Amino acid sequence: MRKQILAFIFTSKRLRIMEARRDVLQAIADPKSHYRYDAKAPVNVNTIAEQFDISRQAISLHLKILVECGVLTMKQQGRERICEAKLEKLNEVNEWITEYGQFWETKLDALGKFLDNNKKSK
């Protein structure tokens, strides 16, 4: 019984930590993130859901992840939930890609020079 309680406590804490650690990279890593909608203006959830051939539950889950990551805000207006994109959060992704792009470009250039030098010496 004690082991079960400890396992429950560990699992519960771990799940809360995972939820608390959502970031913009998780938003774009979500398998449902390939579903896009026009983010130029605030729009209600039903309008978003109508654009895709997946369940309303799947859309709601993806929108929840986007809200948790700070890429989207959702406000209740009467009976509707209105979503508004906060795309400035995606700048974090752009910065990360730029930084690692430069890193790998340098590494691949060095590898190319090494291989060229090996060809010439043979």
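Numbering starts at 1 and runs along the sequence shown. Please read all numbers here as calculations on a predicted model, not as lab measurements.
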Working to the nearest 0.5 Å, report the span between [atom1] of [X] and [atom2] of [Y].
X: Ser60; Y: Arg81; atom1: OG; atom2: CZ; value: 5.0 Å
X: Ile48; Y: His62; atom1: CD1; atom2: NE2; value: 9.0 Å
X: Ile54; Y: Gln51; atom1: CD1; atom2: CD; value: 11.0 Å
X: Met74; Y: Glu84; atom1: CE; atom2: CD; value: 12.0 Å
X: Ile82; Y: Lys75; atom1: CD1; atom2: NZ; value: 10.0 Å

Look at the side chain of Gln76 and the backbone N and O of Gly78, then say whether any donor-acceptor pair between them is shorter than 3.5 Å.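 Answer holds: yes.
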Run the side chain to side chain donor-acceptor pair (under 3.5 Å) test against Arg56 and tell me which residues pass, sequence neighbours left out.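 Partners of Arg56 by the side chain to side chain donor-acceptor pair (under 3.5 Å) criterion, ordered by chain and then number, come out as Asn46.
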What residues form a side chain to side chain donor-acceptor pair (under 3.5 Å) with Thr47, not counting sequence neighbours?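 Testing Thr47 for side chain to side chain donor-acceptor pair (under 3.5 Å), a comparison that skips the adjacent residues, returns Asn44.
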Leu72 and Leu63, any side-chain heavy atoms less than 4.5 Å apart: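 Touching, per the 4.5 Å side-chain cut-off.
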Quick check: are there more than 12 heavy atoms from other residues, nucleotides or ligands sitting under 6.0 Å from CD of Gln57?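 Incorrect, the count does not exceed 12.
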Can you name the salt bridge (Lys or Arg N to Asp or Glu O under 4.0 Å) partners of Glu50, sequence neighbours left out?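 Testing Glu50 for salt bridge (Lys or Arg N to Asp or Glu O under 4.0 Å), a comparison that skips the adjacent residues, returns none.
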Can you list, pair by pair, the side-chain donor-acceptor contacts under 3.5 Å of residues 99-115, counting residues two or more places apart and other chains?
unit_1 : atom_1 : unit_2 : atom_2 : d
Thr106 : OG1    : Gln102 : O      : 3.0

Kindly give the heavy-atom pair with the smallest separation between Ile59 and Ala49, and that separation in Å.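 Looks like CG1-CA, 4.2 Å.
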